[in-house]
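Please read the structure below before turning to the comments.
Note that the structure is a prediction, hence the values are computed from the model and not measured. Residue numbers begin at 1 in each chain, while the letters A, B, ... track the order of the sequences.
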Amino acid sequence: MVKRLFYYWRIYRKLTSQHIKSRMSFRADFLISVLGMLALNVSGFLSLLVLFNTIPSLGGWDYYEMLFLYGFFGLAIAPVAILFDKFWSLWSDVIWGNFINCCFKPLNTMFYYLSDTVDLKSLGSLAVSVAVFVYALPHLRVSWTALKVVCLVLMYLGSVFSFIGIRTAVSATAFWMGRNVSVMNFFSLKVEQFVRYPLTIFGKPFQIVFVFVIPYAFVAYMPVNHLLHSPDVSPEWFLTPLVGAAVFGIGCLVWSLGVRRYNGTGT
Amino acid sequence: MRRYAAIVRNMFLESLNFRADFIFMVLGNLVGVFLAYYLWRAVYAGSGGTLHGLGFLQAFAYVAVSGCIFTMIETWAEWDLAMSISRGDIVLRLHLPLDLHLTTLVESLGIFLTRLVFTGVPFLLLIIFAFGVPVAAGINLIFFTVSLFFSFLISFNIDFIVGVTAFSFESVLGLKLIKDAVILFLSGAVIPLAFFPEALRPVLMVLPFQAMYYTPVNLLLGEKSIPESVLMLLIQAGWIAAFMTAGRLFHRKILGKLTVSGG
């Protein structure tokens, strides 16, 4: 098992370093893309700043709590944005038949498919998220204990895996429908905009969907709400890691169903 | 003229071709409208009814209609142009007896018209009737329609400039991200301009971005007198002229440096 992991890690490092080298040969492109992601995230932060210039709180969350949620969300989606970027081109690899390469390797298909691409421009988003998170952290009214820190890390992992699971399932729709850019955009540009706000400000139907159907609530709201608004660690806190594991499992299941359905283009 | 009309028609039909794309775009807009509704309802929850002179429905209208306008005028013209340049098939287009600026413009126009008919108008009706945004029914509707086209033209000409930069360096996606973030934030499409600090507002009103979102929504709500409305349209026209001239000059200058692989 451990040997296998090392094997995967060695392959990953090789493929990824090739990709990074090829990206880095376009220095200007890299810099401007990072600036683009910075601009996108800074404008999100500035919007909150302008908004909280007028109102003291949003749905009961004050400025720093809101920023903390915003930063936590950014951190929770960063691994997907940086390491799972190739999901965006899955549809074209399915249509043009390139995906068949992944089926011929003695490796996990999802691992091999994702391992030759790293989205360096999302480092720009990550930087802003870290900055916002660190900026908000000392202003929170949380009585920190060692247990809470451990739980926060656990919940963070749960959030990351929830998000990986959701994105995997959404991307895998390409195996059935081919061109799925609109589906990806629908989730990434529209639905995921809900997640950076306190869940309670939305209508009941939306809340139900985000908890039980597509568990976006566990990507940021649930863990941050537990940390900020419950006095002590309670069993509820451990729901996020559990949901993370379950959603990740479902995502992988959808992926492998899709791969099984895929049979190349005959070339 | 006939040649360009054919392109408009083709793009109109082509963008209708991907039905799933279309359905999810409509769903996405619906989600966007709801997001704006709930978010601004929460913002106004603790207020006495108006913030910075805007009522809840007005603030909601600014954000929701702006979102609607964004989906209509974002035609990815800069992206298509840049792809065509980096693939090299821009040469084929340059060989045609058509003007590159005009061809790209009418292609975008085709996409804009599809969006206008199939998502723009239905969503505007939804925002106005289902959510009860107070829209005066009068000459302001004509002003709004004109200014919507003007917004498209400003947006397209900015896109054209961004797309043409791909002739000299390949980072159009990055530039697009910066451009969209700056425009959406500074035009009042995300947060109505009234919410910005007093000191900043005159600066924002001088920038071209407010002409793309603030102007059409303001005209739709019909809060300005007729001379004021006409002035706002003239300002939009001024920005179109400025960006168009800049784009065409830039395009001509940069075309001299063009090299294409395997040409």
Name the member of [options] that forms the most heavy-atom pairs with chain B at distances under 4.5 Å.
| options | result |
| --- | --- |
| A:S57, A:G59, A:S47, A:P198 | A:S47 |
| A:A28, A:A39, A:G44 | A:A39 |
| A:L46, A:L40, A:V34 | A:L46 |
| A:V191, A:L31, A:L58, A:L49 | A:L58 |

Please look at [X] and chain B and tell me whether the side chain, the backbone, both or neither of the residue comes under 4.5 angstrom of a heavy atom of that chain.
| X | answer |
| --- | --- |
| A:F194 | both |
| A:M37 | both |
| A:N53 | side chain |
| A:F206 | side chain |

With a 4.5 angstrom heavy-atom cut-off, is it the side chain or the backbone of [X] that approaches chain A, or both, or neither?
| X | result |
| --- | --- |
| B:L27 | both |
| B:V31 | both |
| B:L184 | neither |
| B:L175 | both |
| B:I191 | side chain |
| B:F196 | both |

When only pairs under 4.5 Å are counted, which of B:V182, B:N29, B:L39, B:L51 shares the most heavy-atom pairs with chain A? B:L39
If the threshold is 4.0 Å, N to carboxylate O, is there a salt bridge linking B:K176 and B:E74? yes
Please tell me whether [X] and [Y] form a close aromatic pair, meaning their ring centres lie under 6.0 Å apart.
| X | Y | value |
| --- | --- | --- |
| B:Y37 | B:F56 | yes |
| A:W255 | A:F175 | yes |
| B:W40 | B:F195 | yes |

Would you say A:R261 and A:L257 make side-chain contact, with heavy atoms under 4.5 Å? no
Close side-chain approach of A:V254 and A:T168, heavy atoms under 4.5 Å: no
Determine the sole option in B:F70, B:F152, B:W76 for which the ring-ring contact (aromatic ring centres under 6.0 Å, His included) test with B:F112 is passed. B:F152
Under the 6.0 Å and 45° cation-pi test, does A:K86 pair with A:Y113? yes
Please tabulate, one pair per line, all N/O donor-acceptor pairs under 3.5 Å involving side-chain atoms of residues 64-77 of chain A, not counting sequence neighbours.
{"from": "A:E65", "atom 1": "OE1", "to": "A:D62", "atom 2": "N", "distance (Å)": "3.0"}
{"from": "A:E65", "atom 1": "OE2", "to": "A:H229", "atom 2": "NE2", "distance (Å)": "3.3"}
{"from": "A:Y70", "atom 1": "OH", "to": "A:N41", "atom 2": "O", "distance (Å)": "3.3"}

Measure the spacing between OH of B:Y62 and OH of B:Y214 and express it to the nearest 0.5 Å. 4.5 Å
